[in-house]
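The shown structure was predicted, so the numbers you read here are calculated from the model rather than taken from an experiment.
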Amino acid sequence: MALDYGKCAKEIYETLGGRSNLVSAAHCATRLRLVTVDNDKIDRKKLENIDGVKGVFSSNGQLQLIIGTGTVNKVYEEFLAVSGMTAATKEDVKAAAAAKQPLIKRMVKTLGDVFVPILPAIVASGLMMGLVEALGKAIPGFSGSAWYGILDMISNTAFTFLPAIIAVSAARVFGGNIFLGGVIGMLMIHPGLINAWAVGSMAEADIPVWHLIGDFFTIRQVGYQGHVIPVVIAVWLMCVIEKWLHKHVPEMIDLFVTPLCTVMITAFLTLGIIGPVFSTAEGYVLTFAKWIITVGYGIGAMIMGGLYPVTVVAGIHHMYNVIEAGMLSEAGGLNTWMPIASAANFAQCAACLAVGLKARNAKTKAVAIPSSLSAALGITEPAIFGVNLRFTKPLLCGIAGGAVGALLGSVMHIGATAYGVTGIPGYLTTLDYPLQYTIVLAVSFAIAFTLTWIFWKEEEEDEKKMPEQTQEKLQDETTNMIKETDEKTIYAPLTGNVIVLEQIPDETFASGVLGNGVGIEPLTGEVAAPFDGTIATVAETRHAVGLVGANGMEMLIHVGVDTVKMKGEGFEVLVSEGDAVKAGQKLMTFSIDKIKENGYSTTTAVLLNNSENYENFKVIKTGSVKTGEPVITI
């Protein structure tokens with residue numbers, strides 16, 4: 001029976017509490033995205049039971065209703081009509097949702113947005129510094145050579161000019177001109193100012209001062225090398241000033257008046273007020289952080305090692321980047337926070353590996369073992385979200401192992417020469433402490449692995465076996481190209497590796513709430529029609545298409561995970577809504593490299609949204625596949 005879009009929209013509207021409880025509404029390829037005034041007014045259970053709503057969840061301040069490809073846009077139109085609201089973009093909804101977040105969470109997210117993009121530069125420099133230092137120790141005479149000199153200069157460049165890099169990133173986050181931000185960052189480390197690292201050895205009376213208004217307004221001629229917080233605050237202020245001027249300066253003179261006034265005003269405020277005040281505040285923050293690590297003979301470090309995975313789950317772990325960057329930017333500074341993170345991450349790796357080795361369920365093994373390897377290299381999200389948090393006990397066992405490892409790291413005074421690097425790669429940034437670092441990782445791993453092996457038991461529902469299908473049988477059922485279409489067959493829209501639904505690295509897709517199907521890890525950047533049909537939807541950001549085929553099949557092809565955040569970069573759609581297409585016809589192209597560069601998985605979800613209507617739904621192909629080979633039958 002066809003869904004009554006108007007009735008669905010009206011019931012959603014009423015259950016949400018009416019217009020007075022709505023802030024913004026938009027939709028993507030599969031979901032209705034809403035921001036409400038008060039979520040407590042909403043009966044989630046009633047919302048989930050509305051005909052047409054396949055699932056409800058909250059994410060980053062948004063209430064998201066899963067409705068399905070080809071249906072969500074129709075429900076959305078009816079929702080706008082019944083609510084009297086105007087259409088909003090996904091960016092509008094994100095902005096409205098962000099504004100509702102608690103101040104602390106917004107501040108932490110902002111810091112993450114500033115520091116995460118510059119991680120590649122910091123990681124590259126940190127690793128290179130480690131390699132250069134290792135060569136200097138291993139090869140007699142190398143430390144005095146020309147090669148050592150130039151490599152040392154290249155490796156420490158990112159840290160020498162860290163304020164300028166941070167300033168550019170901060171200007172992008174705060175919505176200002178990134179080049180003006182760069183000017184402010186470079187101003188704070190201008191060679192005309194005394195290097196901040198040299199000030200400590202000077203008497204206060206010897207530090208030159210500009211007396212701009214007698215003794216009322218003076219500026220010490222000191223740079224801010226090694227400082228982080230003052231740069232972020234200064235660029236935030238710059239962006240506020242720039243935006244205000246753009247609104248109030250006549251367009252005729254805006255081009256030169258706004259940049260001039262923005263830089264001049266920000267420069268004086270930065271050198272005269274922001275720099276001195278917040279550099280002092282930053283000093284207190286770093287002192288406090290170091291105290292936490294060492295308090296009670298490492299008890300503080302142990303507590304933070306246990307809490308670290310919790311902050312990863314909460315999405316606020318990027319706040320540590322500020323502390324680590326500050327530690328490194330001090331003269332001869334070492335990142336003593338790194339062992340805490342490394343112990344915590346390696347313990348989660350161990351817990352995840354224990355699950356993978358102990359589990360009998362093939363799906364659990366297939367997810368857990370690769371995720372543990374990723375965590376060993378410092379990327380823990382797959383292990384935490386995909387395995388440990390899901391089963392709970394492994395997460396807790398990992399927390400125990402990380403806490404003990406962090407305690408040891410603090411007691412042994414381990415320090416790193418970079419941030420953003422943990423686990424096995426951390427050896428390159430802890431060259432002065434190889435034995436101590438090994439002990440930290442080994443103890444963290446042993447405790448977490450042992451506890452998980454003892455206390456975690458596979459639940460019965462996790463032991464259900466997949467239908468036995470041999471690769472030979474599957475190969476017999478496939479062909480290398482579409483010769484004659486079959487209305488009950490869904491053909492591979494991409495060339496690559498087919499994985500089962502549960503292995504897709506996205507909880508919504510993997511849960512099957514959007515329908516049964518498969519994931520494909522693509523080898524080429526082309527998507528073809530999986531059957532004869534009509535294009536129902538094309539995502540605004542061009543990363544997903546929806547099709548309707550014979551027998552009422554509703555298919556979603558969603559390229560990559562979280563690729564909506566790429567805003568269409570690297571994607572090109574070759575069809576439009578309403579177009580009739582034939583099986584094998586090219587629908588879109590995308591750049592695999594672009595997706596990876598942005599840090600997203602390329603795994604493509606191929607889902608039959610209304611799979612519950614087909615009793616004979618069956619995945620007939622896994623593993624290597626070519627475009628046009630049968631993958632699913634109904």
Does a sphere of radius 6.0 Å around CD1 in I139 hold more than 12 heavy atoms from other residues, nucleotides or ligands, not counting ones at 6.0 Å or beyond? yes
Could you give the distance from OG (S143) to CG (L135), rounded to the nearest 0.5 Å? 11.0 Å
Decide yes or no for P230 and M188: does some side-chain heavy atom of the first lie under 4.5 Å from some side-chain heavy atom of the second? yes
Is the side chain of H211 donor-acceptor paired with the backbone N or O of G214 at a distance under 3.5 Å, no angle test? yes
Could you go step by step and tell me if I241 and C261 meet the side-chain contact (heavy atoms from CB on, under 4.5 Å) rule? CA-CA 9 Å; I241 294 171; C261 293; 6.0 Å; no
When you look at W210 and R220, which way does the side-chain contact (heavy atoms from CB on, under 4.5 Å) test go after all the steps? CA-CA 6 Å; W210 283 305; R220 297 166 81 235; over 6 Å; no
Hey, mind stepping through V249 and F256 against side-chain contact (heavy atoms from CB on, under 4.5 Å) and telling me if it holds? CA-CA 10 Å; V249 174; F256 59 89; over 6 Å; no
For the CG atom of N195 and the NE2 atom of H190, what is their distance to the nearest 0.5 Å? 13.5 Å
Polar side-chain atom of R542 near backbone of G568 as donor-acceptor pair, under 3.5 Å: yes
Contact between V559 and M588 at the side-chain level, heavy atoms closer than 4.5 Å - yes or no? yes
Kindly indicate whether the side chain of T417, heavy atoms from C-beta on, has any atom under 4.5 Å from the side chain of N335. no
Any donor and acceptor pair, going by atom type alone, linking the side chain of S410 with main-chain N or O of A406 inside 3.5 Å? no
Ring-plane angle category for H543 and F571, please: parallel below 30°, perpendicular beyond 60°, tilted otherwise. perpendicular
Y437 side chain vs G423 backbone, donor-acceptor pair below 3.5 Å: yes
Rounded to the nearest 0.5 Å, what separation is found between the CD1 atom of I184 and the OG1 atom of T266? 5.0 Å
State, yes or no, whether a side-chain contact exists between I424 and F346 at a heavy-atom distance under 4.5 Å. yes
N177 side chain vs F179 backbone, donor-acceptor pair below 3.5 Å: yes
Under the 3.5 angstrom rule, does the side chain of N345 hit a backbone N or O of A376 as a donor-acceptor pair? no
Report yes if some heavy atom in the side chain of P259 is under 4.5 Å from a heavy atom in the side chain of L180; otherwise report no. yes
Backbone N/O of D152 and side chain of N156: donor-acceptor pair under 3.5 Å: yes
T430 side chain near Q436 side chain, heavy-atom distance below 4.5 Å: no
Side chain of S145, backbone of F142: donor and acceptor closer than 3.5 Å? yes
Value for OH (Y433) from CD1 (I439), rounded to nearest 0.5 Å, stands at 14.0 Å
When you look at E569 and K594, which way does the salt bridge (charged side-chain N to carboxylate O under 4.0 Å, His left out) test go after all the steps? CA-CA 8 Å; E569 182 185 3; K594 281 280 186 185; 3.1 Å; yes
Would you kindly say whether Y224 and T270 are connected by a side-chain donor-acceptor distance under 3.5 Å? no
Side chains of D254 and H246: closer than 4.5 Å at any heavy-atom pair? yes
Is F268 atom CZ crowded by more than 12 heavy atoms from other residues, nucleotides or ligands, each under 6.0 Å away? no
Within a strict 4.5 Å, meaning less than it, do heavy atoms of the M238 and T262 side chains meet? yes
Rounded to the nearest 0.5 Å, how far apart are OG1 of T603 and CD1 of I595? 9.5 Å
Rounded to the nearest 0.5 Å, the CD atom of Q348 sits from the OG atom of S444 at a distance of 10.5 Å
Okay, side chain of T604, backbone of T602: is any donor-acceptor separation there less than 3.5 Å? yes
